[in-house]
Amino acid sequence: MKMGASLPYGNKIIPVDVSATGEPLLSLLEVRQNGESELKKITREAFIDSLGECRLPLRDLRMLVKTADPSHRSRFPALLPRPSSKCYIFEIEHIKLICFSDRCLIFNPEENATEKFISELNEQFKASENEFRNGTNLDPSMRMLYLDSYISNVRDQDFEHIILESALENVVHKFRRHIRIKKPALEMLLQQIEQDPETHGLKRLLAVKKSLLEFEQRVEHVVKVVQHLLADDGDLIDLYLTKPERTVEQHEEIKLLFEAYAADLDEIETETKIFNDMIEDTDQFISAHLDSVRNEIIKLSLFIEIGALVMASGAVVSGIFGMNLSNKIEDHSYGFLLVCLGILLMMICFFAGFYQKYYKLRADTSSAHSFSLLKNFFTYVDDLEYYVFNKKTLSAKEFKDAVEKITKLKISDKESEYLFTMFDANRDGFIDLEDELNIRTSNYRV
């Protein structure tokens, strides 16, 4: 199949938004099989009439008319083969088109993102020319791409597949560019927040997180479209418009195309998940940091309250002696000194008692030990039968010894009693292995 040289489409076209009757006009770029293109401004009725011979379903016509509206942004991408109409409809991200075997209608060609796609499509057509082989009038990067990947095969591709590959490549490139732009900004923001987790930085991180979530959803939608096509051989066959007569197995070319872009999209999706993990790790760090700061503030507040209580106890004693009541202590030569020492000792005792209690609470790891005990016990409970051979019942002591063996932890009598009562259903002080633990020991040996 012979392609044309270029797409004579310029960037300085002045759009006409409405017709003489005030009806909005649709902007279309028609790309023909020979490589020529034509910019069209037509009404909706004229557009529908131009597709009359294709016999597209009414729902597809409605979707195409809606797609042609520049303000329309579909949240759900679509790639719909229509074998009865000998075309397919492509609506993914900014690219909206309907492709036949001999022509392609690209909607809203004046948008910046769509212009980029048209430019790349132009390069695809240039790849079929002889001057491309000689390396003339081409960017060095495109020449290297040709030499490395044998783009001369483009001349053997069907027209509809060139359009499809260019569209998918443009979408994937857009996603990759989005990742490259966002990555350094996100890393800098995370570093700033880790150094100074202030409110404004957290708000920025939340905004970036929501933006990243929306981007991940966009990528996931495109992945679902590609995976759906790969799962249906019939849809892959329907994408052959130039040579539709083929069996179900004769779609290797288009399948490899979709598999390649599916791998690219999976990679982009993985990078997005890595970004989400980085944000989640930072959230956990900030949460742990704030918890630590909060605990330090609570501890400081506790010591202030303890100090106030200790001082108040001394103030009570001082107030008693300040009541101007006569007593024998006033006549003692060391009375004042003894009272002061007594108040000081009392305050020290109060503070020492509170601090000892605080230290015990801080050093108490019994809850963590109980957690480990229960976790290990229920993890290895199946091994209990190997330690109770030739027994029908277990006493509390025997149960404790068996639990220590399977958990490899030293447990207290209180913890052993708690576990024992969990299984001693009849509360007789013994655990029946067959009835209460469902263990039959007659077939096992130590």
Side-chain angles (χ1 to χ4, degrees), residues 26-31 44 47-48 50-51 54-101 103-109 111 113-114 116-118 120-121 158-176 178 213-241 244 251 254-255 257-266 268-269 272:
L26 305 181
S27 180
L28 304 171
L29 180 69
E30 181 177 352
V31 181
R44 294 182 179 180
F47 171 68
I48 294 175
S50 66
L51 299 177
C54 302
R55 297 193 299 269
L56 280 171
L58 182 59
R59 62 179 181 276
D60 288 343
L61 290 175
R62 288 189 186 133
M63 184 180 71
L64 289 173
V65 171
K66 187 184 296 184
T67 297
D69 186 358
S71 62
H72 173 70
R73 289 293 181 270
S74 176
R75 296 180 60 88
F76 300 98
L79 177 50
L80 308 174
R82 292 294 181 259
S84 60
S85 303
K86 298 180 180 180
C87 69
Y88 64 79
I89 301 172
F90 187 102
E91 184 181 4
I92 299 178
E93 288 294 311
H94 56 285
I95 301 178
K96 308 169 186 177
L97 58 86
I98 176 170
C99 184
F100 301 89
S101 60
R103 62 192 176 100
C104 174
L105 298 178
I106 302 175
F107 297 93
N108 306 318
E111 293 185 355
T114 310
K116 175 68 174 176
F117 162 64
I118 295 172
E120 292 176 357
L121 189 59
D158 294 332
F159 172 76
E160 65 272 14
H161 293 168
I162 293 179
I163 299 294
L164 179 61
E165 183 174 2
S166 298
L168 289 174
E169 175 63 29
N170 187 268
V171 171
V172 171
H173 182 266
K174 177 184 177 182
F175 286 156
R176 289 191 182 280
H178 185 94
L213 179 61
E214 293 177 358
F215 174 74
E216 185 179 8
Q217 290 176 346
R218 287 163 51 195
V219 176
E220 287 178 352
H221 289 323
V222 178
V223 169
K224 289 180 180 178
V225 170
V226 175
Q227 290 178 344
H228 176 75
L229 287 167
L230 285 172
D232 193 333
D233 292 336
D235 285 344
L236 294 177
I237 293 296
D238 292 339
L239 290 173
Y240 286 88
L241 306 179
H251 57 69
I254 194 69
K255 186 175 183 179
L257 174 67
F258 278 110
E259 286 178 348
Y261 286 107
D264 291 339
L265 291 170
D266 286 340
I268 294 172
E269 193 173 14
T272 306

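- The side-chain heavy atoms of Leu28 and Phe47, taken from C-beta on, include a pair separated by under 4.5 Å.
- Considering only residues two or more places apart in sequence or on other chains, His221 meets the ring pair (Phe, Tyr, Trp, His ring centres under 6.0 Å) condition with Phe76.
- Looking only at side-chain heavy atoms (C-beta outward), Leu79 and Phe258 come within less than 4.5 Å of each other.
- Residue His173 holds its NE2 atom at 14.0 Å from CZ of Phe117, rounded to the nearest 0.5 Å.
- With sequence neighbours excluded, no residue forms a ring pair (Phe, Tyr, Trp, His ring centres under 6.0 Å) with Phe100.
- Checked by atom type and distance alone, the side chain of Ser166 never pairs as donor or acceptor with a backbone atom of Ile163 at under 3.5 Å.
- Atom CG of Leu97 sits about 11.5 Å away from atom CG of Asn108, to the nearest 0.5 Å.
- Contact annotation: the side chain of Glu91 never approaches that of Phe107 to less than 4.5 Å [non-hydrogen atoms, C-beta and beyond].
- No more than 12 heavy atoms of other residues, nucleotides or ligands lie within 6.0 Å of NZ in Lys116, so this atom counts as exposed by the packing criterion.
- Counting heavy atoms from C-beta on, the side chains of Asp158 and Leu241 never come closer than 4.5 Å.
- The nearest pair of heavy atoms linking Cys54 to Ser85 is O-OG, 2.9 Å.
- Leu168 is not listed as a side-chain neighbour of Glu165, based on a closest heavy-atom distance of 4.5 Å or more.
- Proximity of Ile95 to Glu93: side-chain heavy atoms (C-beta onward) are nowhere separated by under 4.5 Å.
- Residues Lys174 and Arg218 meet the side-chain proximity criterion, which asks for heavy atoms closer than 4.5 Å.
- Rounded to the nearest 0.5 Å, atoms CG (Leu64) and CG (Leu56) are 6.5 Å apart.
- Asn170 and His94 are linked by a side-chain donor-acceptor pair at a separation below 3.5 angstrom, with hydrogens and angles left out of the test.
- A heavy-atom distance below 4.5 Å is found between the side chains of Ile162 and Leu121.
- Minimum heavy-atom separation, Leu239 to Leu164: CD1-CD2, 4.3 Å.
- Rounded to the nearest 0.5 angstrom, Leu29 CG and Thr114 OG1 are separated by 10.0 Å.
- Note that CZ of Arg55 and NZ of Lys86 are 8.0 Å apart. Values are rounded to the nearest 0.5 Å.
- What you find for Leu265 and Val219 is that their closest heavy atoms are O-CG1, 4.0 Å.
- Ring-plane geometry between His178 and Phe215 is classed as parallel, the angle between the planes falling under 30 degrees on a 0 to 90 degree scale with a further cut at 60.
- The CD1 atom of Ile98 sits 10.5 Å away from the OH atom of Tyr88 when rounded to the nearest 0.5 Å.
- Between Ile92 and Pro77 the shortest heavy-atom distance is CG1-CB, 3.7 Å.
- Between the side chains of Glu160 and Tyr240, no donor-acceptor pair of N or O atoms lies under 3.5 Å.
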